[in-house]
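Quick note on labels: first sequence line is chain A, next is B, and so on, each numbered from 1.
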Amino acid sequence: MPLNTDAKKNIIKKVISNQDYRDEVLVIIDEIFLDYCISFFKQVVYAKIDALGEKSDWYKKVFLNPDLPKEQIAINSGLNMKSITNAFNSSKKEVVIQASYDNYNRLQKTINDLVSNGNNFEIKLSIKFKDVAVDLTVAESLIVINTIAVKRAEIRGGMWSAVGKQVEKPLMTTLCMLFNVPFEYHAQDGNPDSFREVDFYVLSKDGKKLRTEVKLMGKGNPESADAIFARQPAIFLADKLSDKNKKQAEMLNVQWIELRNKGGYKRFQEVLNALNVPNSDLNGDLNTRLDEILKEIYGE
DNA sequence: CCTTCATATTGGTTGATTTC
DNA sequence: GAAATCAACCAATATGAAGG
């Protein structure tokens with residue numbers, strides 16, 4: 001969830017300079033996921049060792065332990081929180097625990113059916129950590145594999161969400177500074193509450209507040225674009241836009257900017273001129289200026 | 001007929017606020 | 001505080017139209 005400043009800097013730089021920013025995010029997702037895998041498997045080793053000789057289901061006992069945070073219980077059972085809240089209209093811990101237990105039992109049954117079907121299939125994880133090692137049964141292996149798959153979905157969804165939220169405003173600020181829009185014309189403080197849902201706004205010389213919406217989305221996601229147009233922004237800036245998006249924008253008299261495209265960031269200046277926002281040409285080399293501006297925004 | 005491309009749908013979050 | 005709500009952030013997958 002917290003994105004470090006280096007990542008934010010790199011992402012903004014890439015988005016503006018017509019490079020794809022997604023690799024920056026994928027690296028982070030991979031790191032988090034692999035770290036998680038290691039610590040999870042470590043716990044699996046000890047959980048199974050501790051339960052040696054016991055008849056009980058060690059996975060259930062340890063990983064669906066009601067004392068764990070509800071988010072972890074859900075994941076360990078193979079469920080994401082959103083599915084639970086959508087299904088039960090609640091995210092109360094007791095609800096989550098119930099849903100998780102049900103799901104775990106269902107999953108276990110599915111796996112047992114699969115395994116006992118005798119389809120000449122076997123997969124067994126063998127985990128070693130320091131001086132201890134355990135072998136998982138086929139069913140245990142599949143449970144564990146399912147869990148990390150569900151966990152990865154959580155990490156992925158969370159990371160993309162965090163990136164979008166944390167980058168949109170500094171991205172616009174950077175763009176404004178690039179074309180020397182005076183600070184008073186793009187300061188974001190003092191927004192009335194009714195502007196809260198707007199990503200950003202710039203001021204025109206005649207005092208108009210120009211609503212600006214930012215999206216790093218890829219193509220598709222029409223509902224996302226619809227939500228934008230419903231708010232009637234003056235400017236719609238995105239990483240990638242479909243033809244339909246552009247046509248719709250033109251029809252509604254919304255200035256669009258597609259950064260991941262020829263023209264790219266330069267179109268922002270044309271839009272500023274068209275909307276009567278004070279600005280001047282970018283001074284010097286783009287990459288150099290980006291570094292300077294980002295340092296100004298984020299510090300070293 | 002089969003692939004390719006664009007759009008539609010679904011499902012994973014965050015983060016600010018409010019409610020209990 | 002924990003839980004709920006709601007708008008917002010995205011990717012991944014399904015679907016259907018267009019092209020060869």
- Task: Using a heavy-atom cut-off of under 4.0 Å over every strand shown, decide if Gly164(A) touches base, sugar-phosphate, or nothing.
- Result: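 Answer is sugar-phosphate: Gly164(A) comes under 4.0 Å of backbone atoms only.
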- Message: Does Val150(A) reach a base, just sugar-phosphate, or nothing at all? Heavy atoms under 4.0 Å.
- Response: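 The answer is nothing, as Val150(A) stays clear of every strand by at least 4.0 Å.
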Given atom [atom1] of [X] and atom [atom2] of [N], what is their separation to the nearest angstrom?
{"X": "Met159(A)", "N": "dC9(C)", "atom1": "CE", "atom2": "P", "value": "16 Å"}
{"X": "Leu216(A)", "N": "dT14(B)", "atom1": "CG", "atom2": "C1'", "value": "14 Å"}
{"X": "Met172(A)", "N": "dC9(C)", "atom1": "CE", "atom2": "P", "value": "13 Å"}
{"X": "Ile28(A)", "N": "dT13(B)", "atom1": "CD1", "atom2": "P", "value": "18 Å"}
{"X": "Arg156(A)", "N": "dT14(B)", "atom1": "CZ", "atom2": "P", "value": "13 Å"}
{"X": "Ile155(A)", "N": "dT14(B)", "atom1": "CD1", "atom2": "P", "value": "11 Å"}
{"X": "Asn245(A)", "N": "dT7(B)", "atom1": "CG", "atom2": "C1'", "value": "10 Å"}
{"X": "Leu3(A)", "N": "dC9(C)", "atom1": "CG", "atom2": "C1'", "value": "13 Å"}

- N/O donor-acceptor pair, side chain Lys165(A) with base dG15(B), under 3.5 angstrom: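 No, no donor-acceptor pair under 3.5 Å.
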- Query: Is Ser161(A) side chain donor-acceptor paired with the dC9(C) base, going by distance under 3.5 Å alone?
  - Reply: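 Checked by distance alone, the answer is yes.
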- For Glu54(A) and Asp50(A), which heavy atoms make the closest approach, and how far apart are they?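 Minimum heavy-atom separation between Glu54(A) and Asp50(A): OE2-O, 3.6 Å.
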- Minimum heavy-atom separation for Leu3(A) to Lys8(A), with atom names?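 Heavy atoms only, the tightest pair is O-CE, 3.2 Å.
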Please confirm whether the shortest side-chain N or O distance from [X] to OP1 or OP2 of [N] is below 4.0 Å.
{"X": "Ser242(A)", "N": "dA6(B)", "answer": "no"}
{"X": "Arg22(A)", "N": "dA11(C)", "answer": "yes"}
{"X": "Asn80(A)", "N": "dT13(B)", "answer": "yes"}

- Considering residues at least two apart in sequence or located in another chain, which fulfil the ring-ring contact (aromatic ring centres under 6.0 Å, His included) criterion with Phe40(A)?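 Tyr36(A), Phe63(A).
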- Same hydrophobic cluster for Phe268(A) and Ile297(A), using side-chain heavy-atom links shorter than 4.5 Å among ILVMFWY?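 Hydrophobic grouping puts Phe268(A) with Ile297(A).
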- Item | Verify same cluster id: Leu26(A), Ile28(A) (apolar side-chain graph, 4.5 Å) |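 Yes, one cluster joins them.
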- Message: Quick check on DNA chain C: between Lys215(A) and Arg152(A), whose nearest nucleotide comes earlier from the 5' end?
- Response: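 Its nearest nucleotide being more 5', the pick is Lys215(A).
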N/O to N/O distances under 3.5 Å, protein versus nucleotides 1-6 of chain C:
unit_1, atom_1, unit_2, atom_2, d
dA3(C), OP1, Lys93(A), N, 3.3
dA3(C), OP2, Lys70(A), NZ, 3.3
dA4(C), OP1, Ser90(A), OG, 2.8
dA4(C), OP2, Ser91(A), N, 2.4
dA4(C), OP2, Ser91(A), OG, 2.5
dA4(C), OP2, Lys92(A), N, 2.7

- Query: Is there a donor in the side chain of Tyr104(A) and an acceptor in the side chain of Asn146(A), or the other way round, less than 3.5 Å apart?
  - Reply: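 There is no such pair between these side chains.
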- Task: Without swapping roles, check the side chain of Thr288(A) against the backbone of Gly284(A) for a donor-acceptor pair under 3.5 Å.
- Result: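 Checking the backbone N and O of Gly284(A) against the side chain of Thr288(A), no donor-acceptor pair under 3.5 Å is found.
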- Query: Can you tell which of dT13(B), dT14(B), dT7(B) lies closest to the side chain of Met81(A)?
  - Reply: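 Of dT13(B), dT14(B), dT7(B), dT13(B) is nearest to the side chain of Met81(A).
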